[in-house]
Trainee: 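Would you mind keeping the following structure in view while I ask a few things?
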Amino acid sequence: MQPPERATLTFHVRYAPVEGTLMNNLDSNRFAILISSVRILLLAGTLGGCGSVEVALGMRTRLDKLPVTALSARLLPAPSMVPGTSAKFVITVTTADGKQLTTEGVGHGTVLFDSFTFVTDVVTVKGNGVVSLPADPRLSDAEMPHVRITVIGHPDVSARFDIPVRYDAAFVAQFSGQPGFPGFDGQNGLDGSSGSDGSLDPNKLSAGGNGSDGSNGTDGDDGKPGQPGDAVRLWVTLMPERSLLQVKASGRSGDQFFIVDSSAGSLTIKADGGAGGRGGSGGKGGRGGSGGSGWPPGMSGLAGRDGSDGRSGSDGAAGTFIVSVDPRAQPYLDRLHF
C-alpha cells in the first residue's frame, strides 16, 4: 500500500436550534463510536501506510525497537521443497523478557515481515515470506538452497535456514499444442422501422403504414484449428548412488530438466494436440417494425433470421516422442508416462 498523500480535513458546521442537550439527542454509545472513528481517520491520514497504521493501533508489530535476543524459522507446509514450488516462512523471535512473537499470515502472529532482511541462495523470498524454488533442478542439486534471516535493528540476531530439496513428486513436462482461436461472433441484425400512423378520425379514416422487416443476423465464424503437439526428444539416465532419474526433455518451446525419485516420483510428458477453437455465435435477427396506428392498422414487419453458429475448429495432431535411455535407467521406465 502506497503512503497516502497529505490531505486537508474540513469540518462543515451547521448551527440550528436544539431542544434539550446534545447528549439527550444522541445515544452516548453512538457518539463514542463516532469520535473513535474520527480519531482513526485522522491517524490513518498522518501515518506512512497500512503497516504503520496497524502498528500504531496495536494490530501489528515491528521489531526494531524491541529487545530481540533470538530467532527461529520453519517452512509450511513442509520443511523441504520440490523444484518449481513455493512455501511460506513462519518466523518466531524471543525477546529479553522471554516473550515469543510470531510473524503474520500462516504464523497467526502480529510481526510484520518487513522486520527482517533475507539473503538468499538459489531460492527467492518475497516480502510476505513466500519462498520459491526454481523449477530447474540443476540449480538446487548443485548447492543446498538456504536463507539467512536477520532482524532489522538487531544485526547480531540472525540465523541460516537450509532448505532440503526432494524429488518424490509427480512432475509434468508440458509440450502440448496451443488451442485454436475462437471464431468471431456474428453481428446482430437491425430492427425494422415502425410504420407511419394513419387516422382514426371517423370523418377521415386512413390506414396505418406497415412496419419494415428486421434484417438478418450474420453467421458466426468457424473456430481456428488447434496447434499440433511438439515432437519431443527425451534423454534419460540414472544417478545410481542416489537412485534418481535425470531427464532432459526438448521440444519446440525449449528444454526442460527434471530429477525424479525412482522409488516415489514420476514424470508425465504431454504432447497433446491443442483443442480446436469454439465457433462464433450467430447474430440475432432484428425485430420487425411495428405497424402504424390507423384504420385499418398497419402490419408489423417480419423479424430477421438468426445467423448460424460457426463450427468448432479441428483439434491439433498429437506430438511424437523419441526416447534415448541409459541402460542403467531401463528398470525405472515405468516412472515415465506419455
Side-chain angles (χ1 to χ4, degrees), residues 75 77-78 80-87 120-126 130-147 162-182 223-278 312-338:
L75 273 183
S80 58
M81 295 180 67
V82 171
T85 64
S86 297
T120 64
D121 197 354
V122 182
V123 295
T124 58
V125 180
K126 293 184 179 179
V130 174
V131 186
S132 297
L133 182 64
D136 190 339
R138 296 174 300 172
L139 301 175
S140 53
D141 196 58
E143 183 175 355
M144 172 74 76
H146 64 268
V147 180
D162 290 336
I163 303 174
V165 181
R166 64 182 211 276
Y167 305 102
D168 57 348
F171 296 101
V172 176
Q174 186 61 261
F175 294 97
S176 296
Q178 294 295 318
F181 289 104
K224 302 301 185 287
Q227 297 297 308
D230 282 11
V232 183
R233 182 74 189 268
L234 288 100
W235 292 266
V236 185
T237 188
L238 179 70
M239 303 168 64
E241 68 280 2
R242 298 169 63 188
S243 296
L244 297 177
L245 292 171
Q246 292 180 306
V247 183
K248 175 184 177 182
S250 296
R252 186 171 54 238
S253 56
D255 298 335
Q256 299 181 37
F257 296 88
F258 300 90
I259 295 178
V260 182
D261 188 326
S262 62
S263 62
S266 66
L267 172 62
T268 298
I269 306 99
K270 294 186 177 182
D272 304 311
R278 173 190 62 83
S312 295
S314 58
D315 294 339
T320 59
F321 301 96
I322 299 176
V323 185
S324 300
V325 184
D326 186 318
R328 295 177 299 177
Q330 287 184 352
Y332 305 101
L333 287 183
D334 60 344
R335 298 299 173 189
L336 303 181
H337 307 288
F338 301 95

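What you see is a predicted model, and the numbers here were worked out from it, not measured in a lab.
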Trainee: Is the closest side-chain heavy-atom distance between V323 and F338 below 4.5 Å?
Mentor: yes
Trainee: Do P137 and V165 touch side chain to side chain, with heavy atoms closer than 4.5 Å?
Mentor: no
Trainee: Can you name the closest pair of heavy atoms from Q330 and V325 and give their distance?
Mentor: CG-CG1, 3.8 Å
Trainee: Show the nearest heavy-atom pair for residues S250 and W235, with the distance to one decimal.
Mentor: OG-CZ3, 3.6 Å
Trainee: Looking only at heavy atoms, which two atoms of R335 and S263 are closest? And how far apart?
Mentor: NH2-O, 3.3 Å
Trainee: Can you find a pair of side-chain heavy atoms, one from S324 and one from R233, that are under 4.5 Å apart?
Mentor: yes
Trainee: Heavy atoms only: give me the nearest V82-T85 pair and the separation to one decimal.
Mentor: O-OG1, 2.6 Å
Trainee: Please confirm whether the backbone N or O of S176 pairs with a side-chain atom of Q174, one donor and one acceptor, at under 3.5 Å?
Mentor: yes
Trainee: Just wondering, are more than 12 heavy atoms of other shown residues or ligands nearer than 6.0 Å to CZ in F257?
Mentor: yes
Trainee: I need the minimum non-hydrogen distance between S253 and D230, along with the two atoms involved.
Mentor: N-OD2, 3.5 Å
Trainee: Rounded to the nearest 0.5 Å, what separation is found between the CZ atom of F258 and the OG1 atom of T268?
Mentor: 10.0 Å
Trainee: Should K270 and D272 count as an ion pair when the cut-off is N to O under 4.0 Å?
Mentor: no
Trainee: Any heavy-atom pair between the side chains of L238 and D326 that's under 4.5 Å?
Mentor: no
Trainee: Output the distance between atom CG (L245) and atom CG (L336), rounded to the nearest 0.5 Å.
Mentor: 6.5 Å
Trainee: Looking at L139 and P134, what are the two nearest heavy atoms and their distance?
Mentor: CD1-CB, 3.8 Å
Trainee: Does any part of the side chain of T237, heavy atoms only, come nearer than 4.5 Å to the side chain of R328, both counted from C-beta?
Mentor: yes
Trainee: Given 3.5 Å as the limit, does a donor-acceptor pair link the side chain of S262 with the main chain of S243, or not?
Mentor: yes
Trainee: With heavy-atom distances below 4.5 Å as the criterion, would you say the side chains of P83 and I259 are in contact?
Mentor: no
Trainee: Find out whether D261 and L244 are in side-chain contact, i.e. whether some heavy atom of one side chain is under 4.5 Å from a heavy atom of the other.
Mentor: yes
Trainee: Taking D168 for the side chain and G265 for the main chain, is one N or O donor matched with an acceptor at less than 3.5 Å?
Mentor: no
Trainee: Measuring from atom OG of S140 to atom CD1 of I163, what distance do you get when rounded to the nearest 0.5 angstrom?
Mentor: 10.5 Å
Trainee: How many angstroms lie between CZ in F171 and NE2 in H337, if you round to the nearest 0.5 Å?
Mentor: 12.5 Å
Trainee: My understanding is that only residues two or more places apart in sequence, or in another chain, count here; which of them pass side-chain hydrogen bond (donor to acceptor under 3.5 Å, both in side chains) with Y167?
Mentor: D141
